[in-house]
Amino acid sequence: MGLPGDFVGLTCLTSRSTSARFVPYAVCSHARLGSKSGEHEVAPAHPLGLLRVQNGYAVSVPRWIQPSEEGVEIGALATGEGGITDVGDDVSARHAHVWCDDQNVWYVEDLSSTNGTVVVNGATNVCTQVEPGRSAQLNPGDELKLGESTTYAILLGAL
């Protein structure tokens with residue numbers, strides 16, 4: 001389930017339609033103290049979930065990415081194992097790459113897409129434009145926007 005004290009709050013709002021609206025409301029993660037040296041050790045990485053949303057409503061099931069430096073590619077013609085192609089018409093063939101580094105931090109890199117990649121911080125609502133060939137950190141509660149048509153809510157999975 002994760003470390004004691006780690007949690008992601010996700011509430012579900014429903015209406016008379018068949019869609020559910022998921023709204024992240026709290027995120028907290030803690031490093032552990034090493035038992036002998038008193039130093040912080042890196043906690044195991046959690047899988048990262050990408051939940052496609054439109055107008056605040058979930059439109060697909062989450063796509064779970066296991067922690068690895070290889071990560072997955074997202075795009076209309078994404079290649080490789082686990083490639084994500086559930087995207088809108090304005091998303092490039094090879095739009096973005098998501099991976100986890102050796103410190104268990106998740107990142108997205110823009111692969112020189114035509115219509116851009118933006119990370120919206122879930123805590124501050126600050127938008128970060130990811131420049132081609134550059135990367136930005138992803139955290140649970142953030143939104144990942146590819147072009148104008150595709151938005152993913154970032155979720156934290158259980159170990």
Side-chain angles (χ1 to χ4, degrees), residues 1-13 20-34 39-75 78 80 82-84 86-88 91-92 94-113 115-159:
M1 288 292 300
L3 301 173
D6 287 3
F7 65 89
V8 174
L10 192 68
T11 187
C12 177
L13 305 174
R21 183 175 182 186
F22 295 92
V23 181
Y25 64 88
V27 178
C28 181
S29 181
H30 302 281
R32 291 187 292 184
L33 283 177
E39 294 180 12
H40 286 282
E41 60 184 59
V42 177
H46 291 262
L48 189 78
L50 299 178
L51 177 66
R52 184 147 182 224
V53 294
Q54 280 183 308
N55 302 319
Y57 293 93
V59 295
S60 69
V61 297
R63 294 291 306 266
W64 294 100
I65 305 170
Q66 295 304 313
S68 76
E69 291 190 25
E70 292 81 34
V72 300
E73 190 175 279
I74 306 170
I84 298 173
D86 178 22
V87 295
V91 174
S92 297
R94 297 183 63 238
H95 196 103
H97 177 238
V98 175
W99 80 98
C100 184
D101 72 5
D102 61 356
Q103 295 297 305
N104 299 330
V105 177
W106 286 94
Y107 292 95
V108 61
E109 175 186 5
D110 184 278
L111 299 176
S112 298
S113 67
N115 293 311
T117 301
V118 174
V119 175
V120 181
N121 183 298
T124 65
N125 247 10
V126 171
C127 297
T128 301
Q129 178 75 40
V130 184
E131 298 299 323
R134 306 294 292 244
S135 60
Q137 189 171 332
L138 291 173
N139 294 296
D142 290 351
E143 285 186 349
L144 175 61
K145 296 182 176 237
L146 307 178
E148 292 293 322
S149 67
T150 304
T151 301
Y152 293 101
I154 304 302
L155 309 174
L156 184 67
L159 289 175

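All residue numbers in this chain count up from 1 along the given sequence. Scope of the values below: all heavy atoms of this structure, side chains included, with no hydrogens, waters or symmetry mates.
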Of the non-hydrogen atoms in [X] and [Y], which two are nearest, and what is the gap between them?
X	Y	answer
V87	I84	CG1-O, 4.5 Å
L146	Y152	CD1-CE1, 4.0 Å
H97	E69	CE1-O, 4.2 Å
A158	P47	O-CD, 3.4 Å
G88	S149	CA-OG, 3.2 Å

Backbone N/O of P140 and side chain of W106: donor-acceptor pair under 3.5 Å: no
Any residue meeting side-chain hydrogen bond (donor to acceptor under 3.5 Å, both in side chains) with S135, in chain and number order, not counting sequence neighbours: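 Scan of S135 (side-chain hydrogen bond (donor to acceptor under 3.5 Å, both in side chains), adjacent residues dropped) gives none.
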Test side-chain hydrogen bond (donor to acceptor under 3.5 Å, both in side chains) applied to Q137 - qualifying residues, sequence neighbours left out: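 Expected list: N139.
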Selection residues 116-131 - residue pairs positive for salt bridge (Lys or Arg N to Asp or Glu O under 4.0 Å), sequence neighbours left out: none
Pairs involving residues 116-128, ordered by first then second residue, that meet salt bridge (Lys or Arg N to Asp or Glu O under 4.0 Å) (sequence neighbours left out):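 For residues 116-128: none.
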Separation of L51 CG from I154 CD1 (nearest 0.5 Å):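 Taking CD1 in I154 and CG in L51, the distance rounds to 9.5 Å.
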Separation of I74 CD1 from I65 CD1 (nearest 0.5 Å): 6.0 Å
Salt bridge (Lys or Arg N to Asp or Glu O under 4.0 Å) partners of D86, counting only residues at least two apart: R52
Distance-only donor-acceptor hits, side chain of residues 115-128, under 3.5 Å, sequence neighbours excluded:
from : atom 1 : to   : atom 2 : distance (Å)
N115 : ND2    : D90  : O      : 2.7
T117 : OG1    : H95  : NE2    : 3.2
T117 : OG1    : D110 : OD2    : 2.6
N121 : OD1    : A123 : N      : 2.7
N121 : OD1    : T124 : N      : 2.9
N121 : OD1    : T124 : OG1    : 3.4
T124 : OG1    : V126 : N      : 3.3

E148 atom CD: more than 12 heavy-atom contacts under 6.0 Å: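 12 or below, so no.
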With E70 via side chain to side chain contact (heavy atoms under 4.5 Å, CB included) - residues at least two apart: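 Expected list: S68.
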